[in-house]
Amino acid sequence: MTEEIVVIPGDGIGKEVIPEAKRVVESVIDVTFIEADAGDAVKEETGTALPQETYDLAASADATLFGAAGETAADVILPLRDAVGSFVNIRPAKAYPGVDALRPETDLVFLRENTEGVYSGHEDRLSDDLSTLTRVVTTSASEALAAFACDYVSGEEHDGFTIAHKANVMRETDGRFRDAVVSVAKENDVPVDEVLMDAFATRVCLDPTQFDVIVCPNLAGDVLSDLAAGLVGGLGLLPSANVGTDRALFEPVHGTAPDIAGNGIANPTATILSAAMMLEYLGYETESNAVNDAVEAVLSDGPRTGDLGGNATTTEMTDAIINHL
Ligand code: NAI
Ligand code: MG
């Protein structure tokens, strides 16, 4: 059977790393890619950053691989997450042998709420002096995330999860989030502990081995996972998956990197690891493991791109990964 996968390169280095991830996927499974547009360039041309056709493709495909969008990122990625009905954003942050990391012992997975919190779009300008934002937290979305988290940690690898929140201040919203997640964990006999998200930021820098799987509200997950990227050696390494009930969207955590775009030197790792998450999601576990192993070997032995201290191009690093497969 040929797998059909929608790919949306977007802008900047998205256009450079997505073709490389496609080559890797093509080398391990029988696949047909359906190309779609989104981002700044499409907006310039057509007036909309996310054409209806692209939304519809993501909303009907089993899996979509997305690069990055520039200034229009929020107009692209938030509706795309909605198109796949994603209620959780999975963001592993792992240090690799051979990569210079601030904390080489880091091995974390963030499970970020993906539909609400302060990213639900309820912002208002009430006067020349005053703007407000409504923070949305529902028990149902919190429980859906918690149920996913319980399932995620059910293997031998993990011993429960940690909730990072700020329920001591945002008593109503984060209180609801915390209570819902704790109660689902208890129902499933999953060990759960809690940490205030600001304290988490300090503790994870000092000793990331205190944590394993971290469940958090939307904004906290966005910020804390980028912080973890700093611990493991940069944004070029972090993949992510936006998972819904029936479909999913995979994307590197990084953006369009305008400072290096167009030079063919972007690190393809984050996007290739996102593709590996996609392969696992689609049931190609062996192929997914093979890609992860090949990436790990190349990160360890080179060639590496400039952000990792090497001088390989995006294509040379990908060639090495494919040679390993
Ligand atoms: P960024 O992630 O694009 O870049 C931050 C820094 O990390 C830059 O120095 C960049 O060169 C480096 N970097 C990122 N990915 C890299 C890679 N694969 N290889 C080597 N170096 C890499 O974040 P920034 O600069 O805050 O945003 C740039 C643009 O990207 C903005 O227009 C923003 O809106 C957009 N953006 C889009 C996202 C998305 O589409 N999901 C996510 C984050 C930002
Ligand atoms: Mg972010």
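Note that ligands are numbered from 1 as they come in the structure, with each ligand's atoms numbered from 1 the same way. The chain is numbered in sequence order, starting from 1. On a predicted model such as this, the values are computed, not experimentally measured, just so you know.
In this structure, Thr202 and Leu206 have side chains that are in contact, with non-hydrogen atoms separated by less than 4.5 Å.
When each atom of ligand 1 is checked for a heavy atom of Ile13 under 4.0 Å away, the hits are 15 (N), 16 (C), 17 (C), 18 (N). Close approach of ligand 1 to Ala68 (heavy-atom distance below 4.0 Å) involves ligand atoms 40 (O). Every atom of ligand 1 is numbered from 1 in the order shown, and the set under 4.0 Å from a heavy atom of Gly70 is 32 (O), 33 (C), 34 (O), 35 (C). Proximity to Glu251 (heavy-atom distance under 4.0 Å) selects the following atoms of ligand 1: 41 (N). The ligand atoms of ligand 1 that sit less than 4.0 angstrom from a heavy atom of Asp307 are 19 (N), 20 (C).
Using a 4.0 Å cut-off between heavy atoms, Thr256 contacts ligand 1 through both its backbone and its side chain.
Under 4.0 Å is where a charged nitrogen must lie from a carboxylate oxygen, and between Glu172 and Arg135 no such pair does. Under the 4.0 Å criterion applied to side-chain N and carboxylate O atoms, Asp207 and Arg103 are not assigned as salt-bridge partners. Arg91 and Asp226 are joined by a salt bridge, as a carboxylate oxygen and a charged side-chain nitrogen come within less than 4.0 angstrom of each other.
In this structure, Phe161 has its ring center no closer than 6.0 Å to that of Tyr152.
Of the polar atoms of Ala257, at least one N or O is found under 3.5 Å from an N or O of ligand 1, judged by distance alone.
Heavy-atom proximity to atom 42 (C) of ligand 1, evaluated over Gly234, Pro252, Gly255, Gly12, is greatest for Gly255.
Among the candidates Glu251, Glu20, His254, the single residue satisfying the side chain to side chain contact (heavy atoms under 4.5 Å, CB included) test with Thr271 is His254.
Within the 4.0 Å heavy-atom cutoff, Ala69 counts among the residues contacting ligand 1. Residue contacts with ligand 1: Ile77 is excluded, as none of its non-hydrogen atoms falls under 4.0 Å.
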| said: Determine whether Thr54 and Gln52 satisfy the following criterion, side chain to side chain donor-acceptor pair (under 3.5 Å), listing intermediate values before the conclusion. | reply: CA-CA 5 Å; Thr54 302; Gln52 187 65 39; over 6 Å; no
